[in-house]
Amino acid sequence: GRTGVCYSGERQGAAAMARLGSTPGDAGGPEASDASGGQTEMTVSFALFVVAHPAFRQRYDYITRHLAARSKQTPRLVGIVGRDVLAATPDLPHRASLLPGELGCALSHLAAYRIMVADSIPQAVVIEDDAALPEDFDDLARGVLSELRPGEVISFHSPNQQQNLYSAHGARRFGQSLLVAPMKAQSVRSTLCYAIDLGAARGILGGNDPVEFCADDFAAFHARGLVNHLRVLSPSAVDLAPFESLIGYRHTSPVMEHVARLLNRTPGVREILRRRRHHLCMSGDRNHVIVPDPSPLMAGNPAYKELWGLN
């Protein structure tokens, strides 16, 4: 088929996990292309990674069907199940406070970055298995990739539960969305769908392996100089499909976790909970406050430049 598959559930130990990340998936998969090679924008392929695993069958079936309808790219699947990794490799180095779902998510994204570094893929789009893509996704992705700066991450989906400021200074429009820069790095907190430059992939791979931070902790990555630039599309150009979270929630007692599992197995209640999560996430776009002032982050990250000797 069109899908290059790369899983971790069948692999054992930290060394095998490292091999996962360096496995290029489908040898015929996409490479990020430069339009200067004689291709038109409509025919340029791009690297596309999908965080999905058949252990989560409903999500896996959804995203494979959805991608076939929304994209002509050949995706590479990078899916790691945190609980399986911990069962196979209980001594795996990582921050102990991370939930198994958070660990698996972070390892999945790191696997994509490892492939980018191994194959020298200059830029890529990464999506998760509950992304709802627009019909013009390929054109949108190509346009956003053309805007990527060295060491940058651009999020297609960035809901906020509190008001956050974003700069429209020099912003380019993509359909109904503006490509804006956050006034602070903490305003970017989603890995549902994003474009990433090789420099940022290399930085996060080097700075978050062993896993210390969640995959979407771009504020921590920025503070440590692992990424150079951050921008988002506002309002979000990619929606959230109504699935319950696989990550889990913190500060929840064992009794409440048990109740939550029972509720999630009850069809009617499960659908209500899914829709509620979807509504909360998507309503977060209303907390984007667009301002005309330039963002202090637009000049680049001094810590990133120092890390890579760019000063």
Side-chain angles (χ1 to χ4, degrees), residues 6 8 14 17-25 32 46-51 76-80 82 85 92-95 97-99 101-128 131 144-145 147-158 181-182 184-232 247 297 300-310:
C6 185
S8 72
M17 288 173 55
R19 290 198 299 275
L20 161 76
S22 61
T23 301
F46 56 89
L48 177 63
F49 293 94
V50 183
V51 177
R76 304 185 186 193
L77 302 188
V78 284
I80 298 181
V85 171
L92 177 74
H94 69 285
R95 196 179 80 209
S97 62
L98 289 172
L99 299 171
E102 292 173 325
L103 176 64
C105 180
L107 289 172
S108 298
H109 288 269
L110 289 175
Y113 307 157
R114 193 170 283 112
I115 294 171
M116 289 183 68
V117 172
D119 292 0
S120 299
I121 299 174
Q123 51 186 210
V125 173
V126 183
I127 69 171
E128 295 181 337
V144 171
L145 288 169
E147 292 288 313
L148 268 181
R149 299 168 177 169
E152 184 169 38
V153 173
I154 296 177
S155 178
F156 292 62
H157 173 85
S158 191
K184 57 181 182 180
Q186 290 84 350
S187 299
V188 183
R189 193 66 191 254
S190 174
T191 50
L192 182 72
C193 178
Y194 61 96
I196 185 167
D197 166 81
L198 178 58
R202 183 182 290 115
I204 299 173
L205 180 62
N208 200 34
D209 185 13
V211 177
E212 183 179 355
F213 305 104
C214 293
D216 61 0
D217 198 347
F218 292 113
F221 300 153
H222 189 271
R224 285 158 178 76
L226 310 182
V227 300
N228 193 22
H229 296 282
L230 295 169
R231 283 185 288 176
V232 307
I247 297 298
L297 304 185
N301 186 354
Y304 178 90
K305 295 176 181 178
E306 181 178 355
L307 180 66
W308 298 107
L310 301 178

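Just so you know, these numbers use all the heavy atoms, side chains as well, and skip hydrogens, waters and symmetry mates.
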Quick one: OH on Tyr194 to CZ on Phe49, what's the gap to the nearest 0.5 Å? 9.5 Å
Straight-line distance of Ile115 CD1 to Ser120 OG, nearest 0.5 Å: 13.0 Å
Write out all pairs satisfying salt bridge (charged side-chain N to carboxylate O under 4.0 Å, His left out) with one or both partners inside residues 147-156, taking only residues at least two apart or from two chains. Glu147-Arg172, Glu152-Arg231
Please examine the side chains of His94 and Val85, heavy atoms only from C-beta on, and report whether any two atoms are closer than 4.5 Å. no
What's the shortest heavy-atom distance between Ala106 and Ala215, and which atoms? CA-CB, 3.9 Å
Using modelled atom types and a 3.5 Å cut-off, is there a donor and acceptor pairing between side-chain atoms of Asn301 and backbone atoms of Val227? yes
Tightest non-hydrogen contact, residues Ala223 and Ala303, listed as O-CB, 4.2 Å
I'd like a table of donor-acceptor pairs (distance under 3.5 Å, sequence neighbours excluded) in which one partner is a side-chain atom from residues 195-207, with atom names and distances.
residue, atom, partner, partner atom, Å
Asp197, OD2, Gly151, N, 2.7
Asp197, OD2, Gly199, N, 2.6

So CD of Glu102 and CG of Leu107: to nearest 0.5 Å the spacing works out to 12.0 Å
Which pair of heavy atoms, one from Ser190 and one from Ser158, lies closest together, and at what distance? CB-CA, 4.5 Å
In short, Leu307 meets Gly225 closest at the heavy-atom pair CD2-O, 3.3 Å
Backbone of Tyr304 reached by a side-chain donor or acceptor of Asn228 within 3.5 Å: no
Close side-chain approach of Val211 and Leu98, heavy atoms under 4.5 Å: yes
Trace of the side chain to side chain contact (heavy atoms under 4.5 Å, CB included) decision for Val144 with Val125: CA-CA 9 Å; Val144 171; Val125 173; over 6 Å; no
Would you name the heavy atoms of Cys214 and Arg189 that are closest together and state the gap between them? CB-NH2, 4.2 Å
Can you tell me how far the OG atom of Ser108 sits from the CD1 atom of Ile80, to the nearest 0.5 Å? 4.5 Å
Any side-chain donor-acceptor pair under 3.5 Å between Glu128 and His109? yes
Just so I know, are the side chains of Arg95 and Phe213 near enough to count as touching, which here means a heavy-atom distance under 4.5 Å? yes
Rounding to 0.5 Å, atoms CG (Leu192) and CG (Asp216) come to a distance of 10.5 Å
If you round to the nearest 0.5 Å, how far is NE2 of His222 from CG of Leu297? 4.5 Å
Restricting to non-hydrogen atoms, name the atom on Ala124 and the atom on Leu145 that form the minimum distance, rounded to 0.1 Å. O-CD2, 3.8 Å
Name all residues meeting the salt bridge (Lys or Arg N to Asp or Glu O under 4.0 Å) criterion together with Glu212; count only those two or more places apart in sequence or in a different chain, and write none if there are none. none
